[in-house]
Amino acid sequence: MTTPQPPVPVFRPGLFDGQLALVTGGGTGIGFGVAQLLAELGATVVLASRNQAHLDPAVEQLRSVGRKAASLVLDVRDADGVKAAVRSVADTHGRIDVLVNNAAGNFYVPSESMSANAWRSVLEIDLSGTFFCSQAVMPVMRDRGGGRIVNISMTLHYRGWPLMAHATAAKAGIDALTRTLALEWARHGIRVNAVAPGPIPTEGVKKAFAALPGQPHDVFSAERAMDDYARRAIPLARMGSPRDIANMVAFLASPAGDWITGAIMVVDGGEWLQKSPN
Ligand code: NAP
């Protein structure tokens, strides 16, 4: 009951033929799920993150089934590095049609003991990284008459979420940035939207959860605890999957998203509407 259904094809084959999509954090978790779907639909995908060891297997997996994929080592906190990397992607491929700002830091820590470094690090990856990447692709998209930027947000800041002061603050900033950039760049044909996922048990999330005091410390028990949470706290009674999020990203990046900008699309099985039963 709590397992996501296997992916069902929703979009027309070749929907993104000839397009270039840059996905930050595209080597793992939700980012990889997004890259997989866009590549399946014909896009060339560039997966960008800090760690080549995260990127190589992801690119290999995509290429092994005939998709067009490349990696880009990039720290989204480094504004100059981001500009240079985006320039190199635009020079190589001649275009950037879709940017998915998905890279994020992810760990739980009580606010009273959060180091300045931890605070800055998450704000810089999530919020500044989203801004730097958006700013860097803007001229490329503008010069080609438009593009789609999709930011990956969350819902935890709608109510507040203990131990996540850094991430909730950063994602609230991303929501504000989404709306502001949407207004500033609409005249260039650049649509800027966000997707706010509910809980998706990626490896990153499982590790962060297993590191919480009082939680099961092995991944298998963490999965059982998450299943139990899904049954209690999510009206649609299952955790999400990267494909759930990828479908919404693909929708926003497709012609169906032509008249949508500044929107934050919640994809969470109804979780945030329902008060936490804890
Ligand atoms: P994940 O697998 O841990 O992915 C995070 C990615 O970000 C990694 O690929 C990582 O790659 C990259 N990254 C981290 N710091 C970076 C930096 N400085 N520069 C470039 N890339 C960097 O996490 P996930 O669960 O898939 O989450 C993906 C997105 O969904 C995040 O924005 C997260 O906040 C959001 N989200 C997730 C959930 C969930 O339940 N999973 C819920 C709501 C929102 P490297 O280590 O190689 O840099």
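In what follows, residues are counted from 1 in the order of the sequence shown. Remember, it's 1-based here, ligands and their atoms both numbered in the order they're listed.
- In the candidate list G204, A104, S153, S153 is nearest to atom 36 (N) of ligand 1, counting heavy atoms.
- Of all protein heavy atoms, the one closest to atom 12 (C) of ligand 1 is G25 CA, 3.7 Å.
- Legend: residues meeting ring-ring contact (aromatic ring centres under 6.0 Å, His included) with W272, ordered by chain and number and at least two apart, are Y158.
- In terms of N/O distances under 3.5 Å, ligand 1 is not approached by G31.
- The proximity of V76 to ligand 1, defined as any non-hydrogen pair under 4.0 Å, involves the side chain as well as the backbone.
- D75 counts as a contact of ligand 1, since one of its heavy atoms falls under 4.0 Å from the ligand.
- Note on ligand 1: N106 sits outside its first shell, no heavy atom being nearer than 4.0 Å.
- Across M226, K171, M154, heavy-atom proximity to atom 34 (O) of ligand 1 is greatest for K171.
- Side-chain contact of N101 with S134: a donor-acceptor pair under 3.5 Å is present, judged by distance alone.
- The CG atom of L62 sits 8.0 Å away from atom CZ of R67, with the distance rounded to the nearest 0.5 Å.
- Counting only distance, with no hydrogens or angles, the side chain of R148 and the backbone of L252 share a donor-acceptor pair below 3.5 Å.
- In terms of protein heavy-atom proximity, atom 26 (O) of ligand 1 is nearest to I30 N, 2.8 Å.
- Under a 4.0 Å heavy-atom criterion, P199 is in contact with ligand 1.
- Set against the non-hydrogen atoms of G198, the atoms of ligand 1 under 4.0 Å away are 40 (O), 42 (C).
- The atoms of ligand 1 that sit less than 4.0 Å from any heavy atom of V205 are 25 (O), 39 (C), 40 (O), 41 (N).
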Per-pair distances, 0.1 Å, donor-acceptor, side chain in residues 72-84, under 3.5 Å, sequence neighbours excluded:
from, atom 1, to, atom 2, distance (Å)
D75, OD1, R77, N, 2.9
D75, OD1, R77, NE, 3.1
D75, OD2, R77, NE, 3.4
D75, OD2, R77, NH2, 2.9
D78, OD1, D80, N, 3.3
D78, OD1, G81, N, 3.0
D78, OD2, G81, N, 3.4

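- A donor atom on one side chain and an acceptor atom on the other are not found under 3.5 Å apart for D268 and T155.
- Using a 4.0 Å cut-off between heavy atoms, N102 contacts ligand 1 through both its backbone and its side chain.
- When non-hydrogen atoms are compared, ligand 1 lies under 4.0 Å from neither the backbone nor the side chain of I245.
- Below 3.5 Å of separation, one finds no N or O of D126 facing any N or O of ligand 1.
- Under a 4.0 Å criterion applied to the non-hydrogen atoms of G29, ligand 1 contributes the atoms 2 (O), 26 (O).
- F107 has its ring centre less than 6.0 Å from the ring centre of H166.
- Of all the atoms in ligand 1, the ones that sit under 4.0 Å from a non-hydrogen atom of L74 are 19 (N), 20 (C).
- For the pair R50 and ligand 1, the shortest N or O to N or O distance falls below 3.5 Å.
- Of all atoms in ligand 1, listed by their number and element, those nearer than 4.0 Å to a heavy atom of H54 are 11 (O), 45 (P), 46 (O), 47 (O).
- Proximity of A196 to ligand 1 is not established, as no heavy-atom distance is less than 4.0 Å.
- In I200, the parts holding a heavy atom less than 4.0 Å from any atom of ligand 1 are both the side chain and the backbone.
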